[in-house]
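Remarks on the structure that follows.
Both counts, for ligands and for their atoms, begin at 1 and track the order of listing.
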Amino acid sequence: MATSSCSRMLMVSLLLSSFIVVSFAGNFNQDFDITWGDGRGKILNNGKLLTLSLDKPSGSGLQSKNQYLFGKIDMQLKLVPGNSAGTVTAYYLSSQGPTHDEIDFEFLGNVSGDPYILHTNVFSQGKGNREQQFYLWFDPTADFHTYSILWNPKSILFSVDGTPIREFKNSESKGVPFPKNQPMRIYSSLWNADDWATRGGLVKTDWSHAPFTASYRNFKADACVWSSSGSSCKANSPPSGSKNNAWFSQQLDSTSQGRMKWVQKNYMIYNYCADTKRFPQGFPPECATTNLA
Ligand SMILES: *[C@@H]1O[C@H](CO)[C@@H](O)[C@H](O)[C@H]1NC(C)=O
């Protein structure tokens, strides 16, 4: 008895030390590193604002200091204004290595007055090819808007200003790997992609408008922070020690599903799960559970 309760205590303390659930409004100095761009990325206002910029010689990028294994992660972005054609602002979670997992938002710029494309993708164990693209129902360059990733063992939910736009459900029961074992960092970068980004590469970056700048604020993470002790969030047990862990089992209620359908019906411009030319032999298995408009 004594041994088993002792080992249980040891297990509990190991679990507690292996990941800390954090819930805080972030400070960019504490939570992020500017990783490339030779001064083109800047942390301003005592860590409250971050900007990335791009000119002809280089773009710039950031990554989070922490690695996360599940979480609800919000960031406010204000995208490159004016003629942003050819530029791409990527904001994503990713693990490392050839069988990495990744959850992507990518914002494809456009000439003034024409719409950005919000491109999304999910990679699990190195395999992506799950693109969905949207127009937005507002001008993403006029002000900050909140882009959120809710990642728990049951699903990955992409939201914009609290409105869900895409759900990638756990379809392991259909043989589709789901990101749940590899901790991910948050990354963002602004770079030149005028070979494909705007109207499929037809519109090139107009460097006379450089530098191009995207801004970030109000980072917030309710998340399992992963540390190197080797343990991870268990698929079926919510993280202990947090009052804010509703996200760990959160799923779409019918109101949110209705709003997601509204977005998908009115703003979705590409869905791999509807691309019959690309998948003549039948859609990938997860498409059966993808919420279609
Ligand atoms: C840019 O504007 C054109 C014309 O309205 C549109 O077809 C395209 O989807 C827009 N977005 C991008 C990123 O090309």
To the closest 0.5 Å, what do you measure between OG (Ser95) and NE2 (His100)?
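With rounding to 0.5 Å, OG (Ser95) is 6.0 Å from NE2 (His100).
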Specify the protein heavy atom at minimum distance from [atom]: its residue, its atom name, and the distance to 0.1 Å.
atom	result
atom 6 (C) of ligand 1	Tyr135 OH, 3.6 Å
atom 14 (O) of ligand 1	Arg199 N, 2.7 Å
atom 12 (C) of ligand 1	Asn110 ND2, 3.3 Å
atom 4 (C) of ligand 1	Asp114 OD2, 3.7 Å
atom 13 (C) of ligand 1	Gly109 O, 3.4 Å

Counting heavy atoms not belonging to Gln96, are there more than 12 under 6.0 Å from its CD?
no
Which ligand 1 atoms are under 4.0 Å away from a heavy-atom of Thr198?
14 (O)
Just which atoms of ligand 1 are under 4.0 Å from any heavy atom in Leu108?
13 (C)
For ligand 1 and Pro115, I'd like to know whether there is a polar contact (N/O to N/O, distance under 3.5 Å).
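Pro115 vs ligand 1: N/O contact under 3.5 Å present.
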Ring-ring centroid check Phe158 Phe105, cutoff 6.0 Å
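Yes, the ring centres sit under 6.0 Å apart.
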Quick one, Tyr92 with Tyr187, criterion ring pair (Phe, Tyr, Trp, His ring centres under 6.0 Å). Give me CA distance, side-chain angles, the key distance, then yes/no.
CA-CA 5 Å; Tyr92 59 104; Tyr187 296 87; 5.3 Å; yes
Can a cation-pi geometry be assigned to Arg217 and Phe144, taking NZ or CZ under 6.0 Å from the six-membered ring centre and within 45° of the ring axis?
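Yes, a cation-pi geometry.
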Is it true that the side chains of Gln132 and Asn271 contain a donor and an acceptor less than 3.5 Å apart?
yes
